[in-house]
Colleague: 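Submitted below is the structure of interest, expressed as structure tokens.
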Amino acid sequence: MDISINGAAETVTALKELGFRTAVCSSADREKLEINIRAIGLDTSAFDVILSGSDVERQKPAPDVYLLGAEKVGCLPSECMV
């Protein structure tokens with residue numbers, strides 16, 4: 001079953017080639033994240049940072065996973081696109 005959004009993998013690849021830092025930040029568990037990343041045709045190495053709900057104390061609706069992701073890629077939250 002193809003669960004990907006058309007162009008998702010290509011967009012991530014293009015952003016990396018342009019020098020952007022990339023992260024996956026989700027409240028899902030790490031195993032599910034890795035399965036979903038592979039399902040869209042990418043390897044986990046395509047991302048600089050992968051964070052799951054277990055990486056933060058507060059999950060949704062708190063923005064903690066996104067704030068930690070910004071910190072890990074070295075950006076201010078205002079410099080990130082989600």
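Computed from heavy atoms alone, side chains included, the values below leave out hydrogens, waters and symmetry copies.
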Colleague: With a cut-off of 3.5 Å and sequence neighbours excluded, list every side-chain donor-acceptor pair involving residues 44-53.
Modeller:
| unit_1 | atom_1 | unit_2 | atom_2 | d |
| --- | --- | --- | --- | --- |
| Ser45 | OG | Asp43 | OD2 | 2.8 |
| Asp48 | OD1 | Lys16 | NZ | 2.8 |
| Asp48 | OD2 | Lys16 | NZ | 2.9 |
| Asp48 | OD2 | Thr22 | N | 2.8 |
| Ser52 | OG | Ser54 | N | 3.4 |
| Ser52 | OG | Ser54 | OG | 2.9 |
| Ser52 | OG | Asp55 | OD2 | 3.4 |

Colleague: Does Val82 share a hydrophobic cluster with Val56, counting links as ILVMFWY side-chain heavy atoms below 4.5 Å and allowing steps through other members?
Modeller: yes

Colleague: So, using side-chain hydrogen bond (donor to acceptor under 3.5 Å, both in side chains) as the criterion, who are the partners of Arg38 when residues are at least two apart?
Modeller: none

Colleague: According to salt bridge (charged side-chain N to carboxylate O under 4.0 Å, His left out), who are the partners of Lys32, at least two apart in sequence or on a separate chain?
Modeller: none

Colleague: Nearest 0.5 Å, please: how far is CZ in Arg21 from SG in Cys80?
Modeller: 10.5 Å

Colleague: Specify the closest pair of heavy atoms between Leu76 and Ala70, including all atoms of both residues, with the distance to one decimal.
Modeller: C-CB, 4.3 Å

Colleague: Using a 6.0 Å cut-off, check whether atom CD of Glu57 has over 12 heavy atoms from anything other than its own residue.
Modeller: no

Colleague: What's the spacing between Ser27 OG and Gln59 CD if we round to 0.5 Å?
Modeller: 6.0 Å

Colleague: What pair of heavy atoms forms the shortest contact from Gly69 to Cys25, and how long is it?
Modeller: CA-SG, 3.8 Å

Colleague: Applying side-chain contact (heavy atoms from CB on, under 4.5 Å), name anything that partners Pro63, two or more places apart in sequence or on another chain.
Modeller: Leu67

Colleague: Determine the minimum heavy-atom distance between Ala8 and Ile40, stating which atoms define it.
Modeller: CB-CD1, 4.5 Å

Colleague: Do Val12 and Ile37 share a hydrophobic cluster, counting only Ile, Leu, Val, Met, Phe, Trp and Tyr and linking them when any side-chain heavy atoms are less than 4.5 Å apart?
Modeller: yes

Colleague: Are Val65 and Val73 connected in a single hydrophobic cluster, I mean Ile/Leu/Val/Met/Phe/Trp/Tyr linked by side-chain heavy atoms less than 4.5 Å apart?
Modeller: yes

Colleague: Residues in salt bridge (charged side-chain N to carboxylate O under 4.0 Å, His left out) with Glu34, at least two apart?
Modeller: Arg30

Colleague: Would you give the length of the straight line joining atom OG1 of Thr11 to atom CG of Leu42, rounded to the nearest 0.5 angstrom?
Modeller: 10.0 Å

Colleague: With hydrophobic residues grouped by side-chain heavy-atom distances under 4.5 Å, do Tyr66 and Val24 end up in a single group?
Modeller: no

Colleague: Holding to side-chain hydrogen bond (donor to acceptor under 3.5 Å, both in side chains), I want the full list of residues that pass it with Thr13, two or more places apart in sequence or in another chain.
Modeller: none

